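Take a look at the structure below.
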Amino acid sequence: MVDFAGVLTDPDAGRFYDYLAAARERGVRTALLSNAPGASDEVKNTMFDYFDALVFSGEVGVAKPDPAVYLIAADRLGLPAARCAVVDDSAANIRGAVEAGMVGVHHRSVSETLDELAVLFAAG
């Protein structure tokens with residue numbers, strides 16, 4: 001699961017989008033999890049190139065860091081919380097993900113985040 005603002009708006013986010021596309025090709029299920037009220041159909045269609053599920057707090061009625069929103073996203077991916085990792089630039093949101101039973105990856109830079117994800121989702 002990936003946050004939008006702060007992660008996918010990082011100046012180096014192109015590398016992260018490439019990672020997401022490659023991860024999906026390997027069978028890793030991905031979700032966008034945003035506290036935004038929603039997105040236009042055009043934006044959603046673009047995001048489905050990278051994500052199996054899109055979860056917007058304004059559409060589901062619960063926001064990060066409430067653990068319930070992470071569980072909604074996991075359910076939409078068809079995965080138990082213990083098999084999910086959350087990438088977010090907010091420490092409070094990472095704590096919420098961990099409370100929901102997930103692994104938290106605190107985004108500080110695309111390079112650091114990709115290094116951590118490479119360990120969590122090793123190819124092969």
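Along the sequence shown, residues carry numbers from 1. Keep in mind the model is a prediction, meaning the values are calculated, not measured.
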Looking only at heavy atoms, which two atoms of [X] and [Y] are closest? And how far apart?
X      : Y      : answer
Pro67  : Ala100 : O-CB, 3.7 Å
Asp89  : Ala5   : OD1-O, 3.3 Å
Gly104 : Ile94  : CA-CG2, 3.8 Å
Cys84  : Pro80  : SG-O, 3.5 Å
Arg76  : Ala53  : CB-CB, 4.0 Å
Met1   : Ala73  : SD-CB, 3.5 Å

Pairs where residues 57-68 contributes a residue and the test side chain to side chain donor-acceptor pair (under 3.5 Å) is met, not counting sequence neighbours: Asp3-Lys64, Asn35-Ser57, Lys44-Glu59, Lys64-Asp88

ring-ring contact (aromatic ring centres under 6.0 Å, His included) pairs, two or more places apart, involving residues 23-82: Tyr17-Tyr50

Do the side chains of [X] and [Y] join up, straight or via other hydrophobic residues, at under 4.5 Å, putting them in one cluster?
X      : Y      : result
Val86  : Leu114 : no
Val69  : Leu79  : yes
Val62  : Val55  : yes
Val103 : Val87  : yes

Which residues share a side-chain hydrogen bond (donor to acceptor under 3.5 Å, both in side chains) with Arg83, sequence neighbours left out: none

Residues which pass side-chain hydrogen bond (donor to acceptor under 3.5 Å, both in side chains) with Ser111, listed by chain and number, not counting sequence neighbours: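 Arg15.
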
With a 4.5 Å heavy-atom cut-off, do [X] and [Y] have their side chains touching?
X     : Y     : answer
Phe4  : Thr9  : yes
Asp52 : Leu77 : yes
Leu20 : Phe16 : yes

Donor-acceptor contact below 3.5 Å, side chain Arg26 vs main chain Phe121: yes

Flag, side chain of Thr113 to backbone of Ser109, donor-acceptor distance under 3.5 Å: yes

Check against side chain to side chain contact (heavy atoms under 4.5 Å, CB included), Leu32 and Leu8: CA-CA 10 Å; Leu32 175 69; Leu8 296 179; 3.8 Å; yes

Residues that Arg108 engages under side chain to side chain contact (heavy atoms under 4.5 Å, CB included), provided they are two or more places apart: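 Arg108 satisfies side chain to side chain contact (heavy atoms under 4.5 Å, CB included) with His106, Glu112 only.
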
Shared-cluster residues of Val119, by chain and number - hydrophobic side chains joined below 4.5 Å: none

Among Val2, Val105, Val110, side chain to side chain contact (heavy atoms under 4.5 Å, CB included) partner for Val7: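 Testing Val7 for a side chain to side chain contact (heavy atoms under 4.5 Å, CB included) against Val2, Val105, Val110 leaves exactly one candidate, Val2.
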
